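A short worksheet on the structure shown next.
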There are 2 protein chains.
Amino acid sequence: MNDSSSTGGGAVRAPAARSRRRATGRTTLADVAALAGVSPITASRVVAGKTTVRPELAERVRAAVEHLGYRPDPSARALASAKSSHVVVLIPLLSNTLFTELLEAVQDVMWDAGYPIFVGITQYRPEREAALLDSYLSHRPAGLILTGFDRSESQRRLIESSRTPCVHVMELSDDPEVHCVGFSQVGAAQAVARHLLERGRRRIAFVGAQLDPRTLERAEGFRSVLQAAGCHDPRLEILDPRPSSAALGAEVFRRLMAAHPDLDAVFFCNDDLAHGGLLEALRLGVPVPGRVSVVGFNDLPGNAQMLPALSSLRTPRREVGDVAARMLLRLMRGEPVDMPAVDLGFELKVRASS
Amino acid sequence: MNDSSSTGGGAVRAPAARSRRRATGRTTLADVAALAGVSPITASRVVAGKTTVRPELAERVRAAVEHLGYRPDPSARALASAKSSHVVVLIPLLSNTLFTELLEAVQDVMWDAGYPIFVGITQYRPEREAALLDSYLSHRPAGLILTGFDRSESQRRLIESSRTPCVHVMELSDDPEVHCVGFSQVGAAQAVARHLLERGRRRIAFVGAQLDPRTLERAEGFRSVLQAAGCHDPRLEILDPRPSSAALGAEVFRRLMAAHPDLDAVFFCNDDLAHGGLLEALRLGVPVPGRVSVVGFNDLPGNAQMLPALSSLRTPRREVGDVAARMLLRLMRGEPVDMPAVDLGFELKVRASS
DNA sequence: CTGAAAGCGCTTACAG
DNA sequence: CTGAAAGCGCTTACAG
């Protein structure tokens, strides 16, 4: 009941007294200050959570805010302080559960901290990311979360000169100036390769799609281990530029089996590829893991239901999102950060397929 | 080379002449106007794309914008015009490909039109949606895209009173005041039920999870057709409140087969449930479609790879996103919209599983 | 701890 | 078609 008076205030106050007035009808900080009997600056300080206000006054202001249903105007705030109160997150795409889980974790933390997030989809295209960065940076975001490090020198300078706190996710850097949260893509792929070698496999194929930087790092890790074991065959390294999908996994598995009947293991760089491969094995009557071991990557939901259940390298994407968001929050507040690079590791989930 | 002078301008112009000046170093519309030799208002009109400026002046302004690398400040713009230039999209979650595809389509259209989008995840929780709406509306977005109609009267009033152009997606309404783009959830489920009846199935189960409004509408459509055919058995209607997943689909399928050995078809309300069901059938040795037909919903990627390939009802989520975004753009520009409700239909993809 | 003044960068209304 | 003035709602310095 009383609430209605706070929004319908347009008719009550400043009734077209001054002709040039542009009435938006919005409850402003001035309204709050007037009701609390303080100056707008003091009201501003209370609303912004500064502690330099006498408790008694602060209480009066809070009561006024409550009574009027006051909500600060983000635009006015951003204009006056030269800083917006939202966070920008740039990810390659939404069609990989990896990124949606990361995003949800970031959003959970940022929402609690009062920061809405802008999500930009780069589609793994550098020009698209550059355009997004350019556009979003003009909003002067409070913080920035970027996927990986694959960008041009001029973009790095753009970010640098904007002085926007920034955290990179999914990869690690040695540069102490760079803040990042992730795990070793190379190391993760090495763990999978070693696992297959330990299972006695020697003719091991690697299947990567999309060919983004992280996929190439995994290929590198895989290759290094196989070369050291003296069983690396470049013909078993399939790098397909098309986007990752079950259909592609099935297609590649079929081709591999036809060309290399002695194949005894396949490491798919993504679980959806592996699902396709596993189903194709079923279709072809190739026993898994009897004849061929199959391992996926990321360990997205659904692996346990596969036939056989799919072994996969579990990547900590929720944790990455969570830790990265908290780190960014510290940077945004100017608080010290323990370590610029946080390695969250990974875990090989061995199931029936290997 | 020349570009660097536009950003490094802080040292060049207004060198701490007036003491109170807060130097942001940003290139402003005033800089553009000065260089072009026009007033800021004229420059503003050119930048905003108004046609009421003499071509010659407009050209000078555009050249100045180009030369200085001027980018309008969104906050200042929003404050002065009482309108932001971004669009808010509220969806239940990111873990359903349905919504990520819809989102990508919306983003594609809005990006081209120059509107960044804010994405809010409601997690199917009304309180969460209410909080998001409250927060995002305070930014005075240029437009709003909402999933479905399931919200309280007070929220509807909040949206209404904000006068934000709004389009609803995934469901249809009769109300001519309401703008929406979607298809008939009831009709889609009826199509699946009829298809199974035509296949000679009589003991048909329905499996729905999450129990959001659209799932319940599908249950309703399914029920109506089976009742009309005289073969509705309430015990075969499984409505599970847990989130949809392959694991849940597998679990429910196993339970159903154990309790009702005479079952001859299952309609899963989501493809991930159906995938789990199909894999469980393989595991149990239940022939599909020999003994049991299986149909999914949405027709997300990967159905063709399943064993057997999964029949599913294809929903037009990309088209929904695309059409909804274009409709919203028209509303935002105050242009007339042909029809307030656009029904995009659906298509039953019959594959080997039914 | 508190406040009067100025300013953030743009656009709205009003005159010409 | 063009512009001088005022204002959007807040915060930053600067004084007390």
Side-chain angles (χ1 to χ4, degrees), chain A residues 9-10 13-14 16-34 36-61 65 68 70-85 138-140, chain B residues 9-10 13-14 16-34 36-61 65 68 70-85 138-140:
Chain A
R13 65 164 197 284
R18 282 166 266 162
S19 66
R20 278 291 175 86
R21 198 160 207 292
R22 259 185 279 159
T24 63
R26 186 161 185 142
T27 300
T28 72
L29 196 55
D31 299 331
V32 171
V38 300
S39 72
I41 315 90
T42 298
S44 169
R45 283 194 265 255
V46 174
V47 171
K50 313 234 174 183
T51 51
T52 56
V53 176
R54 183 149 42 103
E56 180 200 325
L57 288 190
E59 201 33 67
R60 288 222 307 267
V61 171
V65 165
L68 296 175
Y70 169 72
R71 316 255 353 207
D73 182 318
S75 302
R77 220 170 213 185
L79 182 59
S81 65
K83 217 65 191 150
S84 292
S85 60
S138 79
H139 284 80
R140 297 178 178 277
Chain B
R13 66 163 197 284
R18 283 166 265 161
S19 67
R20 279 291 176 85
R21 198 161 206 292
R22 259 183 281 160
T24 62
R26 185 160 187 143
T27 300
T28 73
L29 195 56
D31 299 331
V32 171
V38 299
S39 71
I41 314 90
T42 297
S44 169
R45 282 194 267 254
V46 174
V47 171
K50 313 235 174 178
T51 51
T52 57
V53 177
R54 186 150 39 104
E56 181 201 325
L57 289 190
E59 199 36 66
R60 289 221 308 267
V61 171
V65 165
L68 297 175
Y70 169 71
R71 316 252 358 204
D73 183 319
S75 302
R77 215 168 218 187
L79 181 58
S81 66
K83 216 64 192 152
S84 292
S85 60
S138 81
H139 286 81
R140 298 177 176 277

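Keep in mind it's a predicted model, so treat the numbers as computed, not measured. The chains referred to below are lettered A, B, ... by the order of the sequence lines, with proteins before strands, and numbering in each begins at 1. Hydrogens, waters and symmetry mates are skipped; everything else that's a heavy atom, side chains included, is used.
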Considering only side-chain heavy atoms of [X], which listed nucleotide, [options], is closest?
| X | options | value |
| --- | --- | --- |
| B:D73 | D:dG9, D:dC10, C:dC10 | C:dC10 |
| B:I41 | D:dC10, D:dA5, C:dG9 | D:dA5 |
| B:V38 | D:dG3, C:dT11, C:dC8 | D:dG3 |
| B:T28 | C:dG9, C:dC8, C:dT11 | C:dG9 |

Between [atom2] of [N] and [atom1] of [X], the distance in whole Å:
| X | N | atom1 | atom2 | value |
| --- | --- | --- | --- | --- |
| A:L79 | D:dC8 | CG | C1' | 9 Å |
| B:L29 | C:dG7 | CG | P | 18 Å |
| B:R71 | C:dC10 | CZ | C1' | 15 Å |
| B:D31 | C:dC8 | CG | C1' | 13 Å |
| A:R140 | D:dT11 | CZ | C1' | 14 Å |
| A:K83 | C:dG7 | NZ | P | 22 Å |

Over all atoms of both residues, closest heavy-atom pair of B:A82 and B:R140: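 Scanning both residues completely, I find the closest heavy atoms to be O-CD, 3.6 Å.
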Is [X] close enough to [N] that one of its side-chain N or O atoms is under 4.0 Å from OP1 or OP2 there?
| X | N | answer |
| --- | --- | --- |
| A:R77 | D:dT11 | yes |
| B:S39 | D:dG3 | yes |
| B:S44 | C:dC10 | no |
| A:R54 | C:dC1 | no |

Would the base of D:dG3 count as contacting B:R45 through its side chain, where contact means a donor and an acceptor less than 3.5 Å apart?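 For B:R45, whose side chain was compared with the base of D:dG3, there is a donor-acceptor pair (under 3.5 Å).
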Nearest 0.5 angstrom please: A:K83 NZ to B:S75 OG, how far?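 It comes to 10.5 Å.
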Partners passing salt bridge (Lys or Arg N to Asp or Glu O under 4.0 Å) against A:R60 (at least two apart in sequence or in another chain): A:E56
Expected output: side-chain [X] to main-chain [Y] donor-acceptor under 3.5 Å:
| X | Y | answer |
| --- | --- | --- |
| B:S44 | B:P40 | no |
| A:T42 | A:V38 | no |
| A:S84 | A:H139 | yes |

Pairing pattern in dot-bracket form [Watson-Crick, G-U; both distances under 3.5 Å; | = partner strand] for DNA chain C: |||.||||||||.|||
So among A:V32, A:L57, A:V65, A:V61, which one has a side chain to side chain contact (heavy atoms under 4.5 Å, CB included) with A:V46? A:V61
